[in-house]
S.K.: 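I have a structure I would like to understand better, so I am pasting it below and will then ask my questions one at a time.
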Amino acid sequence: MIALHRHASDHPMNLCTHITSQEISIPYLQFPELEALGMIHHVFSTRLGGSSRGIFESMNLSFTRGDRTEDVRENYHRIASLMEAPEDQFVLSMQTHTTNIRTVTSQDAGMGLTKPLTYQDVDGLITNVPGLVLSIFAADCTPLLFVDPVHHAIGASHAG
């Protein structure tokens with residue numbers, strides 16, 4: 001996920017932990033070199049720190065796998081808190097292992113989280129709109145992050 005959050009360190013990749021007001025620990029990964037650019041804030045979530053139960057335990061962020069909707073929404077609420085970003089600024093992909101990329105605008109804010117998706121078959125998202133949270137899912141595939149400092153644009157894609 002790409003999001004609004006800042007954390008600095010000297011290591012190539014950091015495992016960080018955020019404690020919410022409910023004292024819930026949310027582990028996440030971050031690349032300090034991307035943060036140092038000053039134009040991108042990003043978080044790679046893990047499966048830990050969420051409210052899902054059973055086979056979806058714990059930080060399930062998919063509405064399409066059979067998990068309880070209220071648990072997935074709570075998980076997004078926790079991620080939004082971690083990233084200090086409003087949930088209505090998230091834009092979710094609809095991954096189907098394609099090469100399709102969607103250019104995201106301010107009208108896409110909330111797509112897949114606070115309002116229904118109007119697209120499908122999208123494995124990557126790009127934008128030059130500040131404040132939008134591009135959300136992709138990786139599981140056993142590779143997440144790719146792109147930063148274009150010349151055009152002040154960012155991208156996130158699922159590769160696999």
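The first residue in the sequence is number 1, and the count goes up from there. As the structure is a computational prediction, the values presented were derived from the model and not from experiment.
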S.K.: I want to check something: taking the side chain as every heavy atom from C-beta on, are Q89 and T114 in contact at a cut-off of under 4.5 Å?
M.R.: no
S.K.: Working to the nearest 0.5 Å, report the span between OG of S135 and CG of L113.
M.R.: 7.5 Å
S.K.: Sequence neighbours left out, what pairs pass salt bridge (charged side-chain N to carboxylate O under 4.0 Å, His left out) with at least one residue falling in residues 86-110?
M.R.: R102-D108
S.K.: Show your working on side chain to side chain contact (heavy atoms under 4.5 Å, CB included) between F90 and L132 and close with a plain yes or no.
M.R.: CA-CA 6 Å; F90 280 64; L132 290 179; over 6 Å; no
S.K.: Partners of F63 by ring-ring contact (aromatic ring centres under 6.0 Å, His included), sequence neighbours excluded?
M.R.: Y76
S.K.: Return the CZ to CG distance between R78 and L61, rounded to the nearest 0.5 Å.
M.R.: 11.0 Å
S.K.: Does the side chain of F31 reach to within under 4.5 Å of the side chain of I40, using non-hydrogen atoms?
M.R.: no
S.K.: Just by distance, with hydrogens left out, do Q30 and H42 show a side-chain donor and acceptor under 3.5 Å apart?
M.R.: no
S.K.: S93: which residues meet the side-chain hydrogen bond (donor to acceptor under 3.5 Å, both in side chains) condition with it, sequence neighbours left out?
M.R.: Q95
S.K.: Side-chain donor-acceptor pairs under 3.5 Å in residues 49-57, sequence neighbours left out?
M.R.:
{"residue": "S51", "atom": "OG", "partner": "D71", "partner atom": "O", "Å": "3.2"}
{"residue": "S51", "atom": "OG", "partner": "N75", "partner atom": "OD1", "Å": "3.2"}
{"residue": "S52", "atom": "OG", "partner": "D67", "partner atom": "OD2", "Å": "2.5"}
{"residue": "S52", "atom": "OG", "partner": "N75", "partner atom": "ND2", "Å": "2.9"}
{"residue": "R53", "atom": "NH2", "partner": "D71", "partner atom": "OD1", "Å": "3.4"}

S.K.: Is there any salt bridge (charged side-chain N to carboxylate O under 4.0 Å, His left out) pair reaching into residues 113-125, and which pairs are they, with sequence neighbours excluded?
M.R.: none
S.K.: Using the test ring-ring contact (aromatic ring centres under 6.0 Å, His included), find all partners of H97 that sit at least two apart in sequence or belong to another chain.
M.R.: H158
S.K.: Name all residues meeting the side chain to side chain contact (heavy atoms under 4.5 Å, CB included) criterion together with L117; count only those two or more places apart in sequence or in a different chain, and write none if there are none.
M.R.: M94, M111, Y119
S.K.: About how many Å separate CZ of R73 and NE2 of H77, when rounded to the nearest 0.5 Å?
M.R.: 12.5 Å
S.K.: Who are the side chain to side chain contact (heavy atoms under 4.5 Å, CB included) partners of T46, not counting sequence neighbours?
M.R.: P27, L48
S.K.: Closest approach of P143 and I136, non-hydrogen atoms and distance?
M.R.: CB-CD1, 3.9 Å
S.K.: Taking all heavy atoms of V147 and all of P149, pick out the closest pair and write down the distance.
M.R.: O-CD, 3.4 Å
S.K.: State whether the side chain of S45 and the backbone N or O of Y28 hold a donor-acceptor pair below 3.5 Å, judged by distance alone.
M.R.: no
S.K.: Taking atom CZ of R47 as the centre, report whether more than 12 heavy atoms of other residues, nucleotides or ligands fall under 6.0 Å from it.
M.R.: yes
S.K.: Might you point out which heavy atoms bring L134 and G155 nearest each other, and give the distance in Å?
M.R.: CD1-CA, 4.1 Å
S.K.: Who pairs with T64 by side-chain hydrogen bond (donor to acceptor under 3.5 Å, both in side chains), at least two apart in sequence or on another chain?
M.R.: S62
S.K.: Step by step, work out the side chain to side chain contact (heavy atoms under 4.5 Å, CB included) result for T127 and I154.
M.R.: CA-CA 6 Å; T127 192; I154 59 172; 3.9 Å; yes
S.K.: Mind checking side chain to side chain contact (heavy atoms under 4.5 Å, CB included) for D148 and listing every partner two or more places apart, or none if nothing turns up?
M.R.: V150, H151, A153
S.K.: Using a 4.5 Å cut-off between side-chain heavy atoms of Ile, Leu, Val, Met, Phe, Trp and Tyr, which other residues end up in the same hydrophobic cluster as I101?
M.R.: I126
S.K.: Evaluate the criterion side chain to side chain contact (heavy atoms under 4.5 Å, CB included) for residue pair V43 and I79; output intermediate values, then yes/no.
M.R.: CA-CA 9 Å; V43 169; I79 292 290; 5.5 Å; no
S.K.: Which heavy atom in V129 sits nearest to a heavy atom in V104, and how many Å separate them?
M.R.: CG2-O, 4.1 Å
